[in-house]
Number of protein chains: 2
Amino acid sequence: MQPELKLQQLRCMLAILDQGGFHAAARHLHRSQPAISMAVRDLEERLGQPLFEKGNGKAALTPFGQWCLPRFHELVAHHDRVSRDALAMTCHQAGRVDIATVPSVASRLMPAILASFVVDYPGIEISLQDGHSELVAQMVLTGEVELGITSLWQPQEALSSTPLLHDEIGVVCRDDHPLAGLDRLHWRELAGYSLIRNGTSRLLVGSPAAELLEHSSLFISNMISLTAMLEAGIGITTLPRLAFQEEHERLCFVPLAEPLLVRRIGLLCRTGVSLSPAAAAMRRHVMAHLGGSVA
Amino acid sequence: MQPELKLQQLRCMLAILDQGGFHAAARHLHRSQPAISMAVRDLEERLGQPLFEKGNGKAALTPFGQWCLPRFHELVAHHDRVSRDALAMTCHQAGRVDIATVPSVASRLMPAILASFVVDYPGIEISLQDGHSELVAQMVLTGEVELGITSLWQPQEALSSTPLLHDEIGVVCRDDHPLAGLDRLHWRELAGYSLIRNGTSRLLVGSPAAELLEHSSLFISNMISLTAMLEAGIGITTLPRLAFQEEHERLCFVPLAEPLLVRRIGLLCRTGVSLSPAAAAMRRHVMAHLGGSVA
DNA sequence: GTTGCACGGTAAGATATCCTGATCATTTTA
DNA sequence: TAAAATGATCAGGATATCTTACCGTGCAAC
């Protein structure tokens, strides 16, 4: 059977040559000189051939030792490379996180979060993609991404969720709409207005306001199209506040006070599978930025 | 500082995955199961991150473990490759020998020696080159070759020589030459004949026969040319028996009995530098074939 | 030469490391 | 529910490893 070469012993041999002697190598490796002698002897016994010339005072390689030297050097270098990479991984100086979020979070919250993250962890590669909440949950579930930030649906066995923040749902309409000036409103006040459904409309399901959806004949999933519709005064819609693009001059957001509807946004990850070091760092980072927002 | 990953521990991790469990890995590695657990724990502590998922019964890798796996596998494979190559080297299943000999040895002795050597050590690469005896010694001295087989000149400090065989010196002449029929002859009997000097003629230096060289006006170094001269009856020459090509039909070799001159052929190698495993094997092989020839 | 110094090798005891055997908690299987 | 299998844990003893002290050699300076 082939011998098991110990990295420490190989390091000894390299140090002897680098430092030019057993004593110097011992000093360099913070060992005693006999330890070096013994390491070399053991290594030579394992190999079955002497590596250093004996007898004369100085440390000189045998031809076999010369043959071994570059190979040992390469092997030790390989180890150090692997070790260093692993360390970089655990110290969050390298690695990769894949995150999925709903579009509103991706566009409103993630920019600031990622901006500060890349400052703290310059070596970590980040991939962010968005999709509707079910898709996000699915991507986490399949392992396509490690983290998901989405509206918390019904809890699942295989997914662990951490609440991050509450996002109140309101009505969005043009600034000349009768509802525009109100501070808060009851869902019944919406009766009679043309309601445009969108991807977030199912957040109303299960609430008294769900009844509104039945009288809506328009469904627009694309946010750009939706805002264009609203700006054209074609109707009104409901949106979580985060999903409302505040920079639209002609659109207003009026919170829905009765019933008070919120979507709970949380952080998803798989149960039973731990996070990669990079993802764990991202998780901590996200929670440090948003974790205080929820009661 | 980066952690020192022990190969045994990496092997443990790989075995756990290969064999599908700690117990199976323990059996496969001829260890107890706790040893595997502890090796994994120690490895995880060094890395600062868990490699295996805890809690659930089965052995499953963390994402970090999955990241490490191919790297560790490659590192272990690298070690095994180096170790195996070194073993092949020491077991004389691989390697290389460079030898230099005088032409007579190269053409008369080496074919048989090398033929049996390559049978015993099929993996070893051989390089054989010839040159006159001083050149051979020089090549050994400079390390250009590890072994030399040549006529032993004055012993040198840096060269260790092992006598292999005695090669008697005689006169070579055409079969119709007056000396041709003799069994043995005295150097004085050569007086009056035209003597052609050659590369081996300096073997006479220091002997009574040296006087002959002074009356020789022809020097031919090339053996082919020399035999052509002899066959043409242009003169006679002195040669060691080994250097005499016996297959020449018209040429005779007559031993020089008085003085009895021999060239001592031996095996040269550098002192202070040990031989490569392959060269050591060749040295043993040569001495087993020729070592008995000398008293 | 003789002395001093640096080199590497050796021996014995201390220390750290590793492995084992027994045992436990948990999960899976029959 | 009983039985088997998984991995974790702990105390102990075997093994390996390191250190301290000492030895022999070779080289340089005196």
Side-chain angles (χ1 to χ4, degrees), chain A residues 1 3-47 49-62 64-65 69 76 157-158 271-274, chain B residues 1 3-47 49-62 64-65 69 76 157-158 271-274:
Chain A
M1 188 51 192
E4 180 90 359
L5 310 174
K6 302 211 170 162
L7 288 168
Q8 267 190 333
Q9 297 174 341
L10 301 187
R11 257 183 238 285
C12 275
M13 173 178 171
L14 300 183
I16 290 169
L17 296 165
D18 275 349
Q19 308 293 322
F22 283 51
H23 282 85
R27 248 174 283 125
H28 187 250
L29 296 176
H30 309 292
R31 299 261 146 69
S32 68
Q33 171 267 320
I36 309 295
S37 286
M38 286 160 52
V40 169
R41 182 152 51 85
D42 186 67
L43 187 55
E44 289 174 337
E45 275 171 15
R46 284 168 197 265
L47 291 168
Q49 291 281 330
L51 292 166
F52 289 89
E53 301 288 357
K54 315 292 177 185
N56 44 8
K58 294 299 173 193
L61 284 178
T62 61
F64 178 65
L69 179 59
V76 170
E157 178 68 22
T271 56
V273 179
S274 20
Chain B
M1 188 50 192
E4 180 90 359
L5 310 174
K6 303 213 169 160
L7 288 168
Q8 267 190 334
Q9 297 175 339
L10 302 187
R11 257 184 238 284
C12 274
M13 174 178 171
L14 301 183
I16 290 169
L17 297 165
D18 276 349
Q19 308 293 321
F22 284 50
H23 286 268
R27 246 174 286 123
H28 187 250
L29 296 176
H30 309 292
R31 299 264 144 70
S32 68
Q33 171 266 321
I36 309 295
S37 285
M38 293 167 76
V40 169
R41 185 154 50 87
D42 185 67
L43 187 55
E44 289 175 337
E45 275 172 15
R46 285 169 197 264
L47 291 168
Q49 289 282 330
L51 292 165
F52 289 89
E53 301 287 357
K54 314 293 177 186
N56 44 7
K58 295 298 173 192
L61 284 178
T62 61
F64 178 65
L69 179 59
V76 170
E157 178 67 24
T271 56
V273 178
S274 18

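Note that the structure is a prediction, hence the values are computed from the model and not measured. The sequence lines fix the lettering, A, B, ..., with proteins before strands; numbering per chain opens at 1.
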Original post:
Between atom CD in B/Glu44 and atom C1' in D/dG7, what is the gap in whole Å?
Top reply: 12 Å
**OP:** I would like to know whether A/Asp42 and A/Arg46 meet side chain to side chain contact (heavy atoms under 4.5 Å, CB included); could you show each step before the answer?
**Re:** CA-CA 6 Å; A/Asp42 186 67; A/Arg46 284 168 197 265; 2.7 Å; yes
Subject >> Side-chain heavy-atom pair B/Glu4, A/Arg11 within 4.5 angstrom cut-off >> reply: yes
Original post:
Is there a donor-acceptor pair closer than 3.5 Å between any side-chain N or O of A/Gln8 and the backbone N or O of A/Ala39?
Top reply: no
Subject >> Spacing of A/Phe52 atom CZ relative to C/dG9 atom C1', expressed in whole Å >> reply: 14 Å
Original post:
Can you list the steps and then say if A/Thr62 with A/Phe52 is a side chain to side chain contact (heavy atoms under 4.5 Å, CB included)?
Top reply: CA-CA 5 Å; A/Thr62 61; A/Phe52 289 89; 5.7 Å; no
Original post:
Of all the choices, C/dC19, D/dT6, D/dT19, which nucleotide is nearest to the side chain of B/Gln8 once you look at every atom?
Top reply: C/dC19
**OP:** Of all the heavy-atom pairs spanning A/Cys12 and A/Ile36, show the shortest one and how long it is.
**Re:** SG-CD1, 3.8 Å
Original post:
Roughly how many Å is it from CG in A/Leu61 to P in C/dG8, rounded to a whole number?
Top reply: 13 Å
Please list each protein N or O that sits under 3.5 Å from an N or O in nucleotides 8-11 of chain D, with the distance.
| unit_1 | atom_1 | unit_2 | atom_2 | d |
| --- | --- | --- | --- | --- |
| D/dA8 | OP2 | B/Ser37 | OG | 2.9 |
| D/dA8 | N7 | B/Gln33 | NE2 | 3.1 |
| D/dA8 | N6 | B/Gln33 | OE1 | 3.0 |

Original post:
Can you tell me how far CG of B/Leu43 sits from CE of B/Met13, rounded to the nearest 0.5 angstrom?
Top reply: 7.0 Å
**OP:** Ignoring hydrogens and angles, tell me if any N or O in the side chain of B/Gln33 forms a donor-acceptor pair with the backbone of B/His23 under 3.5 Å.
**Re:** no
Original post:
Reckon A/His23 has a side-chain N or O less than 4.0 Å from the OP1 or OP2 of C/dA6?
Top reply: no
Subject >> DNA chain D contacts made by residues 9-21 of chain B, counting heavy atoms under 4.0 Å >> reply: B/Gly21
**OP:** Take the protein atom CD1 of A/Ile36 and the nucleotide atom P of C/dC7, then report the distance between them rounded to whole Å.
**Re:** 13 Å
Original post:
Reckon B/Lys6 has a side-chain N or O less than 4.0 Å from the OP1 or OP2 of C/dC18?
Top reply: yes
Subject >> Distance in Å, A/Lys54 NZ paired with A/Arg41 CZ, rounded so as to fall on 0.5 Å steps >> reply: 9.0 Å
Subject >> Spacing of A/Leu29 atom CG relative to D/dT19 atom C1', expressed in whole Å >> reply: 15 Å
Subject >> Gap between atom CG of A/Leu61 and atom CG of A/Leu69 - 0.5 Å precision >> reply: 6.0 Å
